Amino acid sequence: MDASSLATAKRVVELGPGTGGTTRTFLRHLAQDAQLLSIELSPYFHELLGEIADPRFTNHLGKAEDLAAILAMHGMEQPDVVISGIPFSKIPKAIGTRVARAVRDSLADNGRFIAYQFRRDVAWITDPIMGEPASCSLELLNIPPMRVYSWFKTARG
Ligand SMILES: C[S@@+](CC[C@H](N)C(=O)[O-])C[C@H]1O[C@@H](n2cnc3c(N)ncnc32)[C@H](O)[C@@H]1O
């Protein structure tokens with residue numbers, strides 16, 4: 001995602017932050033009054049993420065598919081942007097489908113879902129739920145090259 005659209009977002013959720021490299025980059029581009037909630041499944045990565053000391057950042061240990069309950073737990077309103085690093089090609093399709101539904105249901109109208117992936121599988125899972133992505137770009141500077149998919153949630157869902 002380009003830094004300018006992140007700079008205008010107020011509520012951002014990151015799914016699968018891993019070691020937090022992406023998390024730190026997002027925080028560099030987010031506005032001072034923005035919030036970033038990261039949801040990570042691994043207790044090991046969750047602990048590493050605890051080293052990020054930024055008042056805008058909330059570090060949650062849990063499952064991306066429980067997004068609605070996690071947002072409610074932290075009193076966070078519908079996010080403008082959800083960014084996913086979850087490897088959809090490696091998780092069971094049923095879980096990928098639950099994640100995609102949770103994102104669609106929780107995003108604010110006109111909100112954006114971005115998924116970065118090495119493989120195409122994310123689109124096969126999300127297409128029936130979110131429709132075709134608005135864009136898919138190949139980040140050739142990443143090694144190996146990575147695909148970045150982007151969807152917008154319309155008022156119709
Ligand atoms: C490829 S890593 C993300 C890399 C990270 N963005 C970085 O730059 O270091 C994917 C992460 O998704 C997490 N993950 C996988 N399934 C998940 C789920 N259902 N909910 C939350 N996190 C999940 C994994 O534990 C892993 O840390």
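Positions are given from 1, in the same order as the sequence printed here. Bear in mind that the values here come from a model prediction, so they are computed numbers and not experimental data. Whatever order the structure lists ligands and atoms in, that order sets their numbers, starting from 1.
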note = The atoms of ligand 1 lying under 4.0 Å from a heavy atom of G18, numbered in the order shown, are 27 (O)
Heavy-atom closest pair, residues E132 and D127 = CA-OD1, 3.7 Å
query = Where does Y116 meet ligand 1, judged by heavy-atom distances below 4.0 Å: at the side chain, the backbone, both, or neither?
reply = side chain
task = Decide yes or no for S84 and V99: does some side-chain heavy atom of the first lie under 4.5 Å from some side-chain heavy atom of the second?
result = no
message = Among all the protein's non-hydrogen atoms, which is closest to atom 24 (C) of ligand 1, and how far away is it?
response = E40 OE2, 3.4 Å
query = When rounded to the nearest 0.5 angstrom, what is the spacing between CG in L15 and CZ in F113?
reply = 6.5 Å
remark   = Closest non-hydrogen atoms of W151 and A115, given as atom of the first, atom of the second and distance, are CZ3-CB, 4.1 Å
remark   = For atom 1 (C) of ligand 1, the closest protein heavy atom turns out to be G85 O, 3.6 Å
request  = Any atoms of ligand 1 less than 4.0 Å from a non-hydrogen atom of F45? List them with their elements.
outcome  = 27 (O)
key: Any I39 heavy atom less than 4.0 Å from ligand 1   = yes
inquiry  = Looking at every heavy atom in both H46 and E40, which two are closest together, and how far apart are they?
reply    = N-CG, 4.1 Å
note = One finds that the ligand 1 atoms under 4.0 Å from a non-hydrogen atom of P17 are 5 (C), 6 (N), 7 (C), 9 (O)
message = If the cut-off is 4.0 Å to any non-hydrogen atom of G62, which atoms of ligand 1 fall inside it?
response = 20 (N), 21 (C)
key: Minimum-distance protein heavy atom relative to atom 9 (O) of ligand 1   = T19 OG1, 3.0 Å
task = Give yes or no for whether the N/O distance cutoff of 3.5 Å, strictly under, is met between A64 and ligand 1.
result = yes
query = Nearest to atom 3 (C) of ligand 1 by heavy atom, S38, G16, G20, P92: which?
reply = G16
task = Distance to 0.1 Å, residue and atom name: give those for the protein heavy atom nearest to atom 19 (N) of ligand 1.
result = E65 OE1, 3.0 Å
request  = Report, in ascending order of atom number, the atoms of ligand 1 lying under 4.0 Å from any heavy atom of K63.
outcome  = 20 (N)
note = Between T25 and H29, the two heavy atoms sitting closest are O-CD2, 3.2 Å
note = Any heavy atom of P87 under 4.0 Å from ligand 1? The part involved is side chain
request  = Look at atom 21 (C) of ligand 1 and find which of L41, T23, T22 reaches it with the closest heavy atom.
outcome  = L41
ask   = Is it the case that one hydrophobic cluster holds both V103 and L41, taking links as side-chain heavy atoms less than 4.5 Å apart, direct or via other members?
value = no
remark   = G20 and L49 have their tightest heavy-atom pair at CA-CD2, 3.5 Å
inquiry  = Once rounded to the nearest 0.5 Å, what's the spacing between atom CD1 of I39 and atom CD of E65?
reply    = 9.5 Å
request  = Quick one: closest heavy-atom pair of R56 and A31, and the distance?
outcome  = NH1-O, 3.2 Å
